[in-house]
Amino acid sequence: MAQRLFFAIPVSVPKQMALIKHQAHLGNLGHVVPATNFHLTLAFLGNVTQSQQQALIERWRDLTVPNLHLTLNRYLHFPKAGVVCLASDQVPIALMRLAQSLRRDAARHGLHSHKAAFRPHVTLYRGVDSVVELPQPEPVTLEINEVQLMASQREMGKLTYSPLVRWRSET
Ligand code: 3AM
């Protein structure tokens with residue numbers, strides 16, 4: 001059976017708390033993403049079969065995770081996706097390279113092919129139809145030291161994410 005997979009960076013509990021404060025500050029813009037679902041997507045892979053998944057994990061067995069900080073410093077509304085996120089406008093080169101490598105590998109192996117450039121963000125709301133004006137946010141700095149291969153499932157309308165594999169940075 002195929003699973004919907006993506007590579008993501010997890011958000012620590014203290015940073016989840018900081019992001020909840022942003023949701024409280026912004027109010028009722030759309031469906032509030034629960035804190036346990038906060039993540040920063042590096043590469044969306046789409047539906048992946050068991051054999052594709054095994055091959056993918058084997059190819060990325062030695063994935064090197066950079067150890068760095070990323071400051072999320074602006075709200076973004078992606079109208080097509082109907083989401084509001086806290087995003088970063090300065091992407092560390094090591095993070096950009098990692099996202100690009102994962103995305104290139106996915107496209108090369110018949111998985112999802114991203115058209116838009118990597119723009120690091122954490123989604124705070126889904127189902128946002130229209131946004132008038134978003135204020136300047138209080139920045140949130142994430143510690144990046146882990147990458148997860150996540151499975152996304154929708155059960156009775158509820159979206160849940162489960163980590164299948166975790167890679168941690170060495171330092
Ligand atoms: O919440 P974010 O944006 O970090 O947007 C989806 C979500 O990331 C993205 O994959 C993550 C887990 O679902 N995603 C879903 N469908 C997508 C698509 N067709 C997609 N990204 C690009 N293209």
Side-chain angles (χ1 to χ4, degrees), residues 1-13 15-16 18-20 22-23 26 29-49 52-53 56-57 60 63 65-66 68 70-92 95-96 98-129 131 134 137 139-167:
M1 203 189 72
Q3 280 183 298
R4 199 174 160 86
L5 303 186
F6 61 102
F7 282 102
I9 289 161
V11 175
S12 69
V13 172
K15 302 301 168 173
Q16 288 176 13
L19 293 170
I20 288 173
H22 282 255
Q23 291 172 324
L26 288 171
L29 296 183
H31 303 299
V32 175
V33 172
T36 47
N37 278 4
F38 288 152
H39 63 271
L40 191 150
T41 301
L42 292 169
F44 174 72
L45 305 174
N47 286 322
V48 180
T49 64
Q52 285 174 319
Q53 184 179 316
L56 174 83
I57 293 170
W60 288 104
L63 186 155
V65 181
L68 47 89
L70 176 75
T71 299
L72 305 174
N73 57 355
R74 55 187 294 217
Y75 292 126
L76 280 186
H77 176 213
F78 295 119
K80 233 171 118 189
V83 299
V84 165
C85 325
L86 187 59
S88 176
D89 55 13
Q90 289 204 328
V91 191
L95 191 64
M96 178 62 87
L98 176 59
Q100 284 174 340
S101 305
L102 293 168
R103 288 167 172 222
R104 258 199 305 269
D105 176 81
R108 200 179 293 144
H109 290 88
L111 302 176
H112 181 80
S113 176
H114 281 268
K115 278 158 202 80
F118 172 59
R119 232 168 164 186
H121 64 269
V122 176
T123 301
L124 301 176
Y125 296 89
R126 298 194 177 281
V128 181
D129 301 328
V131 174
L134 291 165
V140 174
T141 299
L142 301 181
E143 302 94 18
I144 301 209
N145 51 27
E146 182 172 326
V147 169
Q148 299 179 344
L149 177 63
M150 305 286 278
S152 159
Q153 285 147 317
R154 192 176 280 279
E155 280 167 358
M156 294 194 294
K158 198 171 156 235
L159 206 52
T160 54
Y161 302 134
S162 353
L164 303 177
V165 185
R166 296 165 195 265
W167 294 262

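Keep in mind the model is a prediction, meaning the values are calculated, not measured. Values below: all heavy atoms of this structure, side chains included; hydrogens, waters and symmetry mates excluded. Just follow the structure's listing: the first ligand is 1, and inside any ligand the first atom is 1.
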Just jot down the ligand 1 atoms closer than 4.0 angstrom to any heavy atom of [X], in number order.
{"X": "T41", "result": "2 (P), 4 (O), 7 (C), 8 (O), 11 (C)"}
{"X": "H39", "result": "1 (O), 2 (P), 4 (O), 8 (O)"}
{"X": "R4", "result": "15 (C), 16 (N)"}
{"X": "T123", "result": "1 (O), 2 (P), 3 (O), 4 (O)"}

Nearest to [atom], what protein heavy atom do you find, and at what distance?
{"atom": "atom 21 (N) of ligand 1", "value": "F44 CB, 3.6 Å"}
{"atom": "atom 6 (C) of ligand 1", "value": "R126 NH2, 4.5 Å"}
{"atom": "atom 3 (O) of ligand 1", "value": "H121 NE2, 2.8 Å"}

Using the ring centroid of each side chain, check whether Y75 and H22 are separated by less than 6.0 Å. yes
Within the side chain of Q153, is there an N or O that forms a donor-acceptor pair under 3.5 Å with the backbone of S162? no
Looking only at atom types and distance, does a side-chain atom of T41 sit under 3.5 Å from a main-chain N or O of A8, one as donor and one as acceptor? no
If you measure from each non-hydrogen atom of M150 to ligand 1, which part falls under 4.0 Å: side chain, backbone, both or neither? neither
Ligand 1 versus R103: contacting region, heavy-atom distance under 4.0 Å: neither
Is there a polar contact between ligand 1 and H114, counting only N or O atoms under 3.5 Å apart? no
Over 60° means perpendicular and under 30° means parallel, so classify the ring planes of Y161 and H39, tilted if in between. perpendicular
Parallel, tilted or perpendicular: rings of W167 and F7 (30°, 60°): tilted
Pair listing, salt bridge (charged side-chain N to carboxylate O under 4.0 Å, His left out) test, anchored in residues 115-125, at least two apart: none
Of all heavy-atom pairs between L45 and L56, which one has the smallest distance, and what is that distance? CD1-CD2, 3.7 Å
